[in-house]
Every structure is written in C-alpha cells, then in structure tokens.
There are 2 protein chains.
Amino acid sequence: MTTMRELPHPAVADIRLPEVLHALADPVRLEMVQRLAENTGDENCIGVTDGITIHKSTVSHHFRVLRESGITSTRVDGRNRYVQIRREALDERFPGLLDSVLKALAA
Amino acid sequence: MTTMRELPHPAVADIRLPEVLHALADPVRLEMVQRLAENTGDENCIGVTDGITIHKSTVSHHFRVLRESGITSTRVDGRNRYVQIRREALDERFPGLLDSVLKALAA
DNA sequence: CACATAGTTTGATGTTTGCCAAACAATCAA
DNA sequence: TTGATTGTTTGGCAAACATCAAACTATGTG
C-alpha cells in the first residue's frame, strides 16, 4: 500500500526572518536550496546532495534545519522523502526574499 | 583639524552571499540594519543601538560583522564613527536582497 | 596636562553549530 | 524471514558565536 504523510513544518505566520536567514547562511544548505529550486520536485533527499561529499546524517540535519525554518516541506512516501521549497509560503511571508537569494545563487 | 578615513570593507565583487546572510541572521544585527536603513546617515554608532540593552563592545563586534560582510561602510570622524548601509554595492551584487529583507523587517 | 568621550581589542564563558559514526526505524524486495 | 534501502536519532567533538568585562587607543575639551 502507498502511505503518505507530511513532516511537521511551521505555518506561514510562524515563519521567522532570523531563522530563515540563518538556515540560508550555510554554504551546504544554500547548495541544497539551489538544487531544490531547479528540481521538479521528483527527486528524493539523496538526489539533492549528489556530488556533495557529506555524511547522510549531516544531510538529514540540514534538511531538518531547512524544514523547521519554514523553507521546505517534506513528503514521506515509503522509504523516500521528497523535499520541496515552500515557494508560496515564503513569497507570502517575505515577498521577494527567496527570489533574490536564488538569483544571487545563480550568478 | 578634521581627519577623515574609512574603515576597510570588501569590494563589491568580494561580497559573498553566505557571509551576508549570516550577518543578517542575528536579531540584534537585523535591528541595527533596520535602524540604519531609516537613518539619514547622520547618526553615530551609539545612536543606532539606543534602547537596546547591550554592551558597547558587543555593539562594536556586531558593527564589525556587518562591515566585513559588506553590508555597511564606516566613516571615522574624530571620535565618532558613522555607519551607513552600502545600498548601491548590495543592490549591484545581490539585486533585491536588501529590499526584501528591509520589507520583511518593516512588516 | 588631566579628564572625558567614543569606540576597539582582548580574554573568558556559555551556547550553538556542523560534522561524523554508530545505532536505530521503517519500508520494500527476494 | 532475511536482507537491502533510505533515511533519523543520539552522542561526541572541535570550531564558531554572542555576550560581557576590563584594558587600551584615539580624539576632543577644560
């Protein structure tokens, strides 16, 4: 059977600026966010850190920081977790912030 | 006589995103940035932290973090230091970033 | 000169962070 | 059931960080 659930993440109103900025203020997490932004959303956790030599528990930690800050949401499907950027939520809470960061990353 | 100098700060091309985000990912520094953004630029260091109960050496530290990340520039005039946000530099390096942060702060 | 003013620098302290490794949990497949 | 896959959690460690306090620098003032 196909079970589906979502890992807990903050409501839009509870997303806080210092926490978001802190989550983004790490090179590894920035790289992850950049890759997530390029994704169609069909990639699992491992896919997002392909080519980055980093332990899986560290990856898990970074994903948690991103999720708890409100930047990402995680859908659990079987053994896989699919991580997505919460674009709508971020755009509503902090208009332009995500876009400017992604733009900066691209340059 | 009126001596004038500028404290060292990174060139536009050397401003790095993770460092900027890290500098902004602190509540005290965010508050300082918000006040600086509202300033005409005629206020000295102490003025920017009026009402924040924090030691002057800590303030000095935060100003250094902001300056070294490229967010601010500091003009030394006699005993006073006048801190300004480097709007042009930031807008050139990371278009929209500062504005979105300031907008988020205002809301 | 003596003193005040404005801020920096240098420890010291407690907290947070980023990382790995090992153990664990849950799902899927043979 | 046995084993492989995909992560999470816990523990430990070194580096980084925010803060304060005390000493110091530099400038202005009486």
Side-chain angles (χ1 to χ4, degrees), chain A residues 1-9 16 18-33 35-36 42-69 71-84, chain B residues 1-9 16 18-33 35-36 39 42-50 52-69 71-84:
Chain A
M1 204 188 78
T2 317
T3 42
M4 282 271 203
R5 61 194 172 95
E6 280 244 328
L7 261 41
H9 57 253
R16 290 175 308 169
E19 212 173 328
V20 167
L21 292 173
H22 171 259
L24 293 173
D26 177 274
V28 173
R29 286 195 293 265
L30 269 182
E31 173 78 28
M32 292 165 76
V33 165
R35 291 178 182 211
L36 287 172
D42 287 0
E43 222 164 324
N44 58 7
C45 284
I46 282 185
V48 172
T49 53
D50 250 18
I52 308 181
T53 54
I54 196 172
H55 200 276
K56 61 176 180 172
S57 60
T58 306
V59 172
S60 184
H61 160 70
H62 283 312
F63 271 126
R64 170 146 59 162
V65 171
L66 288 175
R67 178 171 44 82
E68 289 182 345
S69 75
I71 295 176
T72 61
S73 64
T74 303
R75 177 173 50 89
V76 181
D77 186 6
R79 277 178 309 189
N80 300 292
R81 280 112 206 269
Y82 299 93
V83 181
Q84 272 187 323
Chain B
M1 205 190 75
T2 315
T3 41
M4 283 272 201
R5 60 194 173 94
E6 280 244 330
L7 261 41
H9 58 254
R16 289 175 307 168
E19 212 172 330
V20 167
L21 292 173
H22 171 259
L24 293 174
D26 177 275
V28 173
R29 286 194 293 264
L30 268 182
E31 173 79 29
M32 292 164 77
V33 166
R35 290 178 183 211
L36 287 171
N39 270 357
D42 288 0
E43 222 165 323
N44 57 8
C45 283
I46 283 187
V48 172
T49 52
D50 251 16
I52 307 181
T53 55
I54 198 172
H55 199 276
K56 64 175 179 173
S57 60
T58 305
V59 172
S60 183
H61 161 69
H62 283 314
F63 271 125
R64 167 145 60 161
V65 172
L66 288 174
R67 177 171 44 82
E68 289 182 345
S69 75
I71 295 175
T72 60
S73 64
T74 302
R75 177 173 50 88
V76 181
D77 184 7
R79 279 177 309 190
N80 300 292
R81 278 112 206 270
Y82 300 92
V83 180
Q84 273 187 324

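Just so it is clear, the values below take in all heavy atoms, side chains as well, and ignore hydrogens, waters and symmetry mates. Proteins get letters first, then strands, A, B, ... in listed order; numbering begins at 1 in each. Note that this is a predicted model, so its numbers are computed, not measured.
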query: Who are the side chain to side chain donor-acceptor pair (under 3.5 Å) partners of B:Ser57, not counting sequence neighbours?
result: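 Checked B:Ser57 against side chain to side chain donor-acceptor pair (under 3.5 Å); matches are B:His55.
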- request: Apply side chain to side chain donor-acceptor pair (under 3.5 Å) to A:Arg64 and list each qualifying residue two or more places apart in sequence or on a separate chain.
  value: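 A:Arg64 satisfies side chain to side chain donor-acceptor pair (under 3.5 Å) with no other residue.
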query: Any sub-3.5 Å donor-acceptor pair from A:Thr74's side-chain atoms to A:Val83's backbone N or O?
result: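 Checked: no pair found.
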query: How would you list, by chain and number, every residue that makes a salt bridge (charged side-chain N to carboxylate O under 4.0 Å, His left out) with A:Arg79, sequence neighbours excluded?
result: none
Closest to the [X] side chain: [options]?
| X | options | answer |
| --- | --- | --- |
| B:Val28 | D:dT19, C:dC19, C:dT8 | D:dT19 |
| B:Ile54 | D:dT19, D:dT6, C:dT8 | D:dT19 |
| A:Ser60 | D:dT19, D:dT9, C:dG18 | D:dT9 |

Set of side-chain contact (heavy atoms from CB on, under 4.5 Å) partners for [X], sequence neighbours left out:
| X | answer |
| --- | --- |
| B:Ile54 | B:Val28, B:Ile52, B:Thr58, B:Val59, B:His62 |
| B:His22 | A:Ala25, B:Arg29 |
| B:Ser69 | B:Glu19, B:Ala23, B:Ile71 |

Return the [atom1] to [atom2] distance between [X] and [Y], rounded to the nearest 0.5 Å.
| X | Y | atom1 | atom2 | answer |
| --- | --- | --- | --- | --- |
| A:Arg75 | A:Leu7 | CZ | CG | 12.0 Å |
| A:Leu30 | A:Leu66 | CG | CG | 9.0 Å |
| B:Asp77 | B:Glu6 | CG | CD | 11.5 Å |

query: Quick one: on DNA chain C, does A:His55 or B:Leu7 contact a more 5' nucleotide (nearest heavy atom)?
result: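 That would be B:Leu7.
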- prompt: Can you name the nearest heavy-atom pair linking B:Phe63 to B:Leu36, along with the distance?
  reply: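 Shortest heavy-atom contact: CE2-CD1, 4.4 Å.
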Could you write out each protein N or O paired with an N or O of nucleotides 23-26 of chain D at a distance under 3.5 Å?
none

- prompt: Going by heavy atoms in the side chains, are B:Pro8 and B:Arg67 under 4.5 Å from each other?
  reply: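 Result yes, sub-4.5 Å side-chain heavy-atom pair found.
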- prompt: Between the two end axes of the helix from C:dC1-D:dG30 to C:dA30-D:dT1, each built from 5 base pairs, what angle do you get to the nearest 10°?
  reply: 10°
Which pairs, protein N/O on one side and nucleotides 13-17 of chain D N/O on the other, fall under 3.5 Å?
none

Protein-nucleotides 10-15 of chain C N/O pairs closer than 3.5 Å?
none

